[in-house]
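Let me begin by presenting the structure, written as structure tokens, before commenting on it.
What you see is a predicted model; the values in this text were computed from it and never measured.
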Amino acid sequence: MCGIVGYIGREANASEILIDGLRRLEYRGYDSAGVAIFDGDVIDVRRAEGKLMNLEGEIRTAPIEGRVGIGHTRWATHGKPSERNAHPQRAGKVVIVHNGIIENYRELRAELEGVGREILSDTDTELISHCIEQSYDAGNDLLTAVREACARLTGAYALAALCEDDPSTIVAAKNGGSPMILGAGEKQAYLASDIPAILPYTRSMAFIDDGEFAVLRESGIEIVDAAGNPSPREFKTVQWDPISAEKGGYDRFMQKEIFEQPRAITDTIGTRIDEASLDIDLDGIAFDADWVRSMNRVTLVACGTASYACMVGKYMIEHLAQIPCEVDLASEFRYRKPILDDRCMVVPVSQSGETADTLAALREGKEQGARILSITNTRDSSIARESDDVLYTHAGPEIGVASTKCFTAQVVALYLFAVKLAMVKGLLDDEQKQKLLHDVISLPRIVQNTLGLDEQIEQLAHSYFKKSDFLFLGRGIMFPLALEGALKLKEISYIHAEAYAAGEMKHGPIALIDENMPVVVIANQSPLYDKLISNLEQVRARDGQVIAIATEGDGEIGDKANDVIYVPDLGEFLTSVVVSIPLQLFAYHVATRKGTDVDQPRNLAKSVTVE
Ligand code: AGP
């Protein structure tokens, strides 16, 4: 939800490294930003409300020299966005930055004020700095003080602390869904909420686990457990290249990521398909035939766009593997006391692998004995680390807050999973296997061709961008695509957009139709095509404007819709990926025409690591 970054080393340019890192973390929140840097004698704290550029301007006016520092970009949870509530927060000699939510902050605040401490902000974070200072003032070193303070906290945190008496140390702590990554350099050490923030400086990275602490010094990084005992960690070489985490010549990250989808799909398929033997190997994940046949349910859990990928996956799993499959919003699943057992498989799907609700849903499933197979784009993320098996998408870093390439990669991963289950159950003959494998191998090329619609869709978007409401309609496997199309549009253009199963229109929503209500109808060739045509005619009969997404070669739909976008057909399952391309492009071009901040839409964050 927030982004934190830290640096200690021989270079006296901590402020440049911190600001550069925060720029790569702005997608996690941008209500305010701040840095705290040792300038030789004292810790100089600079904070500014609003985007990082405001803080950059301040530091340009009054530069800070220093070799040790921590930084923060905020998505407000406790306390409105303001300079007073910006991080770093301070108590005496102790300065901290924090990502997460402290659930017992009310009790803590009462306790601290009860012993005469003056709390200056509305944040839960400031309370942590007071807890650390209390322990430090009692004669403990910074690490012990942080450990003692964290023992008083309930909730999620990833934090970094400095103390004015000890300019050679940064102490970090992590618990709950907030990620914390460590980077090791030559006489330099780094910490960050996400890989791109420190990737230009080091590829050697490791993760702090829940309940652990890290001490960063120029000489190296030490990780200890809650009791203070050493907890050695292997630093791995991260393969991402810094350039791929940049915009690569596109205007915005979202645009780059839309056009990266052929590559993202190719990489997610990877070497998992063996066309010669007509088999799929999902990274060695064991699918015992007897167990799969005895499985009584697959439950897909996710949030937002990932949940729509799950709804597509449901069709694939039930149609291909004939296993009952339910899709649950993670925020509902975690509290509804689902009935599960060891014959169930729970599949959390999450790009970031850090979404708090999805992580909690994973833990609920695990507690009830279900097998956990997660689908995530982030290696060693919290969700990945707590799963029995992980099926990674390989979409590369997705920086735009609106998910695009990770959505289509998730659908592809779910397709491979569904086909694998069908194969294990012996439900497919060679001809069916050949078709299913050929379709997915063809997908990157078909998606590449569909991206060629960009100019036509940009023109279309420019004739609709002033509308204030949209409806999206779909049936069957395309209903989740209607939901995804509506979400893409609303989250980056701020235009109100709703999606309905097209068959629902006559049960109420049709009352909304008039000449001011554009309706996007996904009407590709399918067994439900005729029903969609009648939905489309119902809309037109009420002066609604129809934008149809149809199959190339459809000679009927042209005079039934105001505008038609023709896409190639790739069968009943993977046409869902093809259809998502015009939906993404339409949302992107409407939003850019409106001038909204496409990569960092208001009120949103890329990774929702709090409830
Ligand atoms: C998608 O465009 C949104 N940014 C949001 O719905 C996102 O998909 C959701 O928060 C889930 O994130 P995750 O995949 O990282 O768990």
Side-chain angles (χ1 to χ4, degrees), residues 304-305 307-308 311 402 404 453-454 456-524 526 528-551 554 556-567 576 579-596 598 601-604:
T305 284
S307 72
Y308 304 147
M311 290 172 72
T404 50
L453 291 167
D454 185 42
Q456 176 200 343
I457 293 170
E458 183 177 11
Q459 296 311 316
L460 184 67
H462 291 180
S463 55
Y464 283 94
F465 81 99
K466 289 184 178 156
K467 295 294 183 182
S468 53
D469 298 278
F470 275 81
L471 275 185
F472 286 71
L473 304 182
R475 282 180 181 259
I477 198 170
M478 294 301 174
F479 170 41
L481 270 297
L483 289 164
E484 172 58 9
L487 176 61
K488 282 287 99 48
L489 183 66
K490 74 181 99 173
E491 71 174 328
I492 63 174
S493 73
Y494 314 150
I495 293 174
H496 171 243
E498 285 184 78
Y500 281 97
E504 275 299 289
M505 281 301 285
K506 52 191 174 296
H507 300 289
I510 201 161
L512 292 171
I513 301 301
D514 62 21
E515 66 283 359
N516 299 313
M517 174 68 82
V519 183
V520 179
V521 182
I522 304 172
N524 60 301
S526 79
L528 300 168
Y529 176 78
D530 292 340
K531 305 245 180 281
L532 277 151
I533 292 298
S534 62
N535 290 132
L536 189 153
E537 286 166 340
Q538 290 158 19
V539 171
R540 290 297 298 278
R542 292 157 179 83
D543 299 329
Q545 295 172 288
V546 172
I547 302 169
I549 296 180
T551 302
D554 181 333
E556 181 185 345
I557 203 163
D559 56 15
K560 296 180 185 298
N562 298 77
D563 297 283
V564 185
I565 301 165
Y566 293 99
V567 298
S576 61
V579 162
S580 60
I581 304 302
L583 295 171
Q584 294 166 355
L585 291 171
F586 183 75
Y588 174 78
H589 286 302
V590 167
T592 45
R593 190 71 176 74
K594 281 195 68 179
T596 54
V598 168
R602 68 186 181 195
N603 309 336
L604 291 180

Kindly list each side-chain donor-acceptor pair under 3.5 angstrom involving residues 477-485, sequence neighbours excluded, with atom names and distances?
{"unit_1": "Glu484", "atom_1": "OE1", "unit_2": "Thr305", "atom_2": "OG1", "d": "2.8"}
{"unit_1": "Glu484", "atom_1": "OE2", "unit_2": "Thr305", "atom_2": "OG1", "d": "3.4"}
{"unit_1": "Glu484", "atom_1": "OE2", "unit_2": "Lys488", "atom_2": "NZ", "d": "2.6"}

Only distances under 3.5 Å count here; give the side-chain donor-acceptor pairs of residues 511-521 to other protein atoms, sequence neighbours excluded, each with its distance to 0.1 Å.
{"unit_1": "Asp514", "atom_1": "OD1", "unit_2": "Asn516", "atom_2": "N", "d": "2.7"}
{"unit_1": "Asp514", "atom_1": "OD1", "unit_2": "Met517", "atom_2": "N", "d": "3.3"}

Acceptor/donor pairs from residues 500-507 side chains to any protein atom, 3.5 angstrom cut, sequence neighbours excluded:
{"unit_1": "Tyr500", "atom_1": "OH", "unit_2": "Glu498", "atom_2": "OE1", "d": "3.0"}
{"unit_1": "Lys506", "atom_1": "NZ", "unit_2": "Gly503", "atom_2": "O", "d": "2.7"}

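A donor-acceptor pair under 3.5 Å is absent between the side-chain atoms of Arg540 and the main chain of Val546, judged by distance alone. In this structure, the side chain of Asn562 does not engage the main chain of Ile547 through any donor-acceptor pair within 3.5 Å.
Atoms NE2 and CZ, from His589 and Arg593 in turn, are 12.0 Å apart once rounded to the nearest 0.5 Å. Taking CD1 from Ile457 and CD1 from Ile549, the interatomic distance works out to 7.5 Å, rounded to the nearest 0.5 Å. Atom CZ of Phe586 sits about 4.0 Å away from atom CZ of Phe470, to the nearest 0.5 Å.
Applying the side chain to side chain donor-acceptor pair (under 3.5 Å) test to every pair with at least one member in residues 457-466, sequence neighbours left out, gives these pairs: Tyr464-Asp563.
Shown here are the salt bridge (Lys or Arg N to Asp or Glu O under 4.0 Å) partners of Lys467, two or more places apart in sequence or in another chain: there are none. Scored by the side-chain hydrogen bond (donor to acceptor under 3.5 Å, both in side chains) test, Tyr494 finds no partners at all (sequence neighbours excluded).
Looking at Thr404 and Tyr588, their side chains never come closer than 4.5 Å, going by heavy atoms from C-beta outward. Side-chain contact check for Leu536 versus Leu473: every heavy-atom pair is 4.5 Å or farther apart. Side-chain atoms of Leu460 and Ile565, non-hydrogen and from C-beta on, do get closer than 4.5 Å to each other.
Across all non-hydrogen atoms, the minimal contact from Ala548 to Ile557 is CB-CD1, 3.7 Å. Scanning all heavy atoms of the two residues, the minimum distance from Ala486 to Ala497 falls at O-CB, 3.7 Å.
Each of Asn524, Thr551, Asp554 was compared with Tyr529 under the side-chain hydrogen bond (donor to acceptor under 3.5 Å, both in side chains) criterion, and only Asp554 meets it.
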List the steps and the verdict of side-chain contact (heavy atoms from CB on, under 4.5 Å) for Val567 and Ile581.
CA-CA 9 Å; Val567 298; Ile581 304 302; over 6 Å; no

